[in-house]
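In each ligand, atom 1 is the first atom listed, and ligand 1 is the first ligand listed. All figures in this text were calculated on a predicted structure; none of them were measured in a lab.
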Amino acid sequence: MPLDLASICASRPQNDIHYFSTVGSTMTEAGRLAMDGARHGTVVIADEQTSGIGRLGRSWISEADAGIYLSILLQVALSPARLPLASLLLGLATAEAIEHTAGLECDIRWPNDILIHQRKVAGVLPHLVDGCVVAGIGINVNQTSMPEGLRTPPTSLRIESGGKIQQREPLVIKLLECIDTFCSMLVGNGPGSILDAFTRASSYVMGRRVTVDETGKRGTTGGLDENGFLLLKLDDGRIEKISSGSIRPDYSV
Ligand code: BT5
């Protein structure tokens, strides 16, 4: 069933909401709106994406009517160097919205994976367009099966809870509320508040053995720097700052 847009708009009058039943990517549409100077909180949401995008040229599988595919414009004045903070903020908002509406505990893997039982249920993606953060969020909600061979085993809220999620709208509404909360935290209390919240919410930030996918380097995580980059204590004692890429648990020792 398509999203009930009227109920989302009624609960969220503060967001300008642009709805598509099918779209290439909500990121492209939201990027256009950012270029046109659309205001903070403008949302693009779709019931299906035919070319959903992930990081580093990857794609995001977006089955029709099964997930949440949303981009929102955040006018939060982050420089390119500080963009990882947006990823952390979005991860926090997504995990909290899922926990609140579906009652499922999430872990957040730096920089942008939301996991349930170590399977990826959602991903977030911040782009900077004309000084505006275009924030993408994809959540697997009612998928009953997912393709094999993805980078991290995928899952959906339905698979994890064992039952169909009857309405996606409450999750969309809670997600928008949580984005507001964490944006206010960033603007009002500064980046340190987001870094602290992320460190508390993620099992990956401190003292976790990980491998960096792109380089194969191994080490133990040692917290976040002031811009949200991950600090990795390599096995030779050096500290390396990971600015992009992906980590996964290292069970080799
Ligand atoms: C992400 O990238 O996780 C960011 C995903 C952001 C998607 C949203 S949907 C709304 C908005 N509009 C868009 O077009 N995009 C955003 P990354 O960390 O690069 O993960 C992508 C990788 O995850 C892929 O290469 C696959 O291996 C895997 N993957 C693809 N689709 C998936 C899905 N639905 N669930 C779990 N894993 C998936």
**Q.** Trace of the side-chain hydrogen bond (donor to acceptor under 3.5 Å, both in side chains) decision for Arg55 with Ser244
**A.** CA-CA 10 Å; Arg55 293 180 306 143; Ser244 71; over 6 Å; no

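Between Tyr69 atom OH and Phe20 atom CZ the span is 16.0 Å, to the nearest 0.5 Å. The structure places CE of Met35 at 11.5 Å from SG of Cys132, a figure rounded to the nearest 0.5 Å. To the nearest 0.5 Å, the span separating OG1 on Thr155 from CD on Gln143 amounts to 9.0 Å.
Heavy atoms from other residues, nucleotides or ligands lying under 6.0 Å from CD of Gln14 number more than 12. Within 6.0 Å of NE2 on His100 lie no more than 12 heavy atoms contributed by other residues, nucleotides or ligands.
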Can you list every pair where an N/O of ligand 1 is under 3.5 Å from an N/O on the protein?
from: ligand 1; atom 1: 2 (O); to: Arg55; atom 2: N; distance (Å): 3.2
from: ligand 1; atom 1: 3 (O); to: Asn112; atom 2: ND2; distance (Å): 3.3
from: ligand 1; atom 1: 3 (O); to: Lys120; atom 2: NZ; distance (Å): 2.7
from: ligand 1; atom 1: 12 (N); to: Thr26; atom 2: OG1; distance (Å): 2.9
from: ligand 1; atom 1: 12 (N); to: Gln49; atom 2: OE1; distance (Å): 2.9
from: ligand 1; atom 1: 14 (O); to: Ser25; atom 2: OG; distance (Å): 2.6
from: ligand 1; atom 1: 14 (O); to: Gln49; atom 2: OE1; distance (Å): 3.3
from: ligand 1; atom 1: 14 (O); to: Ile53; atom 2: N; distance (Å): 2.7
from: ligand 1; atom 1: 15 (N); to: Ile53; atom 2: O; distance (Å): 2.8
from: ligand 1; atom 1: 18 (O); to: Arg55; atom 2: NE; distance (Å): 3.2
from: ligand 1; atom 1: 18 (O); to: Asn112; atom 2: ND2; distance (Å): 3.2
from: ligand 1; atom 1: 18 (O); to: Lys120; atom 2: NZ; distance (Å): 3.3
from: ligand 1; atom 1: 19 (O); to: Arg55; atom 2: N; distance (Å): 2.9
from: ligand 1; atom 1: 19 (O); to: Arg58; atom 2: NH1; distance (Å): 2.8
from: ligand 1; atom 1: 20 (O); to: Lys120; atom 2: NZ; distance (Å): 3.2
from: ligand 1; atom 1: 27 (O); to: Arg151; atom 2: N; distance (Å): 3.1
from: ligand 1; atom 1: 31 (N); to: Ile61; atom 2: N; distance (Å): 2.9
from: ligand 1; atom 1: 34 (N); to: Ile61; atom 2: O; distance (Å): 3.0
from: ligand 1; atom 1: 34 (N); to: Asn140; atom 2: OD1; distance (Å): 3.1
from: ligand 1; atom 1: 35 (N); to: Asn140; atom 2: ND2; distance (Å): 2.8

